[in-house]
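Written below as structure tokens is the structure these notes are about.
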Amino acid sequence: MSSPDTLTHSKTAQGPLVEARGLSHVRDGRTVMAIGDWQLKPGAHALLLGPSGSGKTTFINIVTGLLTPSHGTISVAGEVMSALPPAARDALRRCTIGLVFQTLRLIPALSVTDNLALAQQLALGHVDRAAIAGMIDRVGLSHRAAARPRQLSQGEGQRAAIARALITRPRLVVADEPTSALDDANAARMIDLMFDVADATGATLLVATHDGRIAHRFANRLNLMAPVAA
């Protein structure tokens, strides 16, 4: 088994960044997500599409190691995430994955700057204030750097959450429904921002959504279908 210090370097030079093999998940005797075999190569941004109930969030939780699949395996950066013990999963997630949740999950008591600093400290073991300031500027929030989450608009909060996900320079950025609550113009701006910042930092995007407005931006798509009722 790899140690936490080597997780980000293990087997990442070649091969897929994310690989599912025979992957499905069952809840209460019912299949709630079935993907089978699928790969995401480094730099090949992908869209995870499907209606509500098709298993998008389940798949996201499996990719990020928050859920163990019922069948099959999921590998991230060459490590079989689904086979790792909890501590190693946490290390792989911290070192390799940036998460943008449906709910922003910014820490209310901390400023935008301090939310990013905490994420950086947990993932990298140090804080780079210059990098944080640069990331905040890149997402257009320099004037809100000292603001706390409750003082931000919804769009500003989403940009702050994306900045937090990217500040550790993760190999994989996983976003769950990042545009579902946005109007057309802001949805387009959000995806532009994610592509621009991901490309600048070398990250790969995996975006789960049922929002058809952004589908055309992704050459790679994984379409999930809602399970058929028995």
Side-chain angles (χ1 to χ4, degrees), residues 1-26 32-50 54-102 105 119-120 122-125 161-162 164-178 194-195 197-209 218-224:
M1 182 189 306
S2 299
S3 68
D5 291 340
T6 63
L7 283 170
T8 56
H9 304 289
S10 175
K11 306 176 186 176
T12 58
Q14 303 293 330
L17 181 58
V18 180
E19 183 173 21
R21 292 186 177 179
L23 191 68
S24 65
H25 192 67
V26 176
V32 295
M33 185 277 300
I35 287 177
D37 296 344
W38 182 75
Q39 293 184 352
L40 177 62
K41 295 181 179 179
H45 306 312
L47 192 68
L48 180 62
L49 285 169
S54 60
K56 297 187 304 297
T57 298
T58 297
F59 180 58
I60 289 298
N61 287 338
I62 289 172
V63 169
T64 56
L66 299 173
L67 180 65
T68 300
S70 303
H71 304 288
T73 62
I74 191 79
S75 299
V76 177
E79 295 284 343
V80 182
M81 174 73 85
S82 52
L84 294 174
R89 286 193 194 192
D90 291 345
L92 178 58
R93 183 167 52 248
R94 285 196 307 268
C95 295
T96 307
I97 302 172
L99 277 166
V100 182
F101 296 98
Q102 287 190 49
R105 302 192 189 182
Q120 199 176 57
L122 291 174
L124 305 178
I162 290 172
R164 180 187 57 184
L166 292 167
I167 192 58
T168 60
R169 304 186 72 86
R171 290 178 55 81
L172 176 66
V173 177
V174 179
D176 193 0
E177 299 286 4
M194 292 181 70
F195 270 94
V197 177
D199 290 347
T201 61
T204 298
L205 297 175
L206 174 59
V207 177
T209 188
F218 292 81
N220 299 298
R221 303 180 193 180
L222 177 60
N223 290 281
L224 295 182

Measure from the side-chain N and O atoms of Arg171 to the backbone N and O of Thr96, and report whether any donor-acceptor pair falls under 3.5 Å. no
Atom of Pro170, atom of Ile97 and distance for their closest heavy-atom approach: CB-C, 3.8 Å
Centre of Phe218's six-membered ring, under 6.0 Å away, within 45 degrees of the axis: is that where NZ or CZ of Arg221 sits? no
Modelled atom types, side-chain donor and acceptor of His71 and Ser24, under 3.5 Å: no
List the residues meeting ring-ring contact (aromatic ring centres under 6.0 Å, His included) with His45, not counting sequence neighbours, and say none if there are none. Phe195
List in chain and number order the residues that pass salt bridge (charged side-chain N to carboxylate O under 4.0 Å, His left out) with Arg21, two or more places apart in sequence or in another chain; answer none if no residue qualifies. Glu19
For Asp199, salt bridge (charged side-chain N to carboxylate O under 4.0 Å, His left out) partners two or more places apart: none
Any donor-acceptor N/O pair, Arg89 side chain to Met81 backbone, under 3.5 Å: yes
Compare all side-chain heavy atoms of Thr209 with those of Leu49 and state whether any distance is below 4.5 angstrom. yes
Show your reasoning for whether side chain to side chain contact (heavy atoms under 4.5 Å, CB included) applies to Phe101 and Asp176. CA-CA 5 Å; Phe101 296 98; Asp176 193 0; 5.8 Å; no
Which atoms form the tightest heavy-atom contact between Ala34 and Leu224, and what is the distance? O-CD2, 4.0 Å
Using only atom types and a distance under 3.5 Å, with no angle test, would you say the side chain of Arg164 pairs donor to acceptor with the backbone of Arg105? yes
Going through the checks in order, is the side chain to side chain contact (heavy atoms under 4.5 Å, CB included) test met by Val100 and Val174? CA-CA 6 Å; Val100 182; Val174 179; over 6 Å; no
Is the side chain of Ser70 donor-acceptor paired with the backbone N or O of Val26 at a distance under 3.5 Å, no angle test? yes
How close do Arg93 and Thr64 get, counting heavy atoms only, and between which atoms? NH1-O, 2.6 Å
Ignoring hydrogens, what is the shortest heavy-atom contact between Ile62 and His25? Give both atom names and the distance. CD1-CB, 4.2 Å
For residues 55-67, pull every pair meeting salt bridge (Lys or Arg N to Asp or Glu O under 4.0 Å), keeping only residues two or more places apart or in separate chains. Lys56-Glu177
Distance-minimising heavy-atom pair for Ala123 and Arg94: CB-O, 3.3 Å
For Val63 and Val76, work out which heavy atoms get closest and say how close. O-CG2, 3.5 Å
Minimum side-chain heavy-atom gap Leu206-Leu172 below 4.5 Å: yes
According to salt bridge (Lys or Arg N to Asp or Glu O under 4.0 Å), does anything in residues 33-43 pair up with another residue at least two apart or in another chain? List the pairs. none
Does Val80 have any side-chain contact (heavy atoms from CB on, under 4.5 Å) partners at least two apart in sequence or in another chain, and if so, which? Thr73, Ser75, Ser82, Ala83
Contact between Thr204 and Leu40 at the side-chain level, heavy atoms closer than 4.5 Å - yes or no? yes
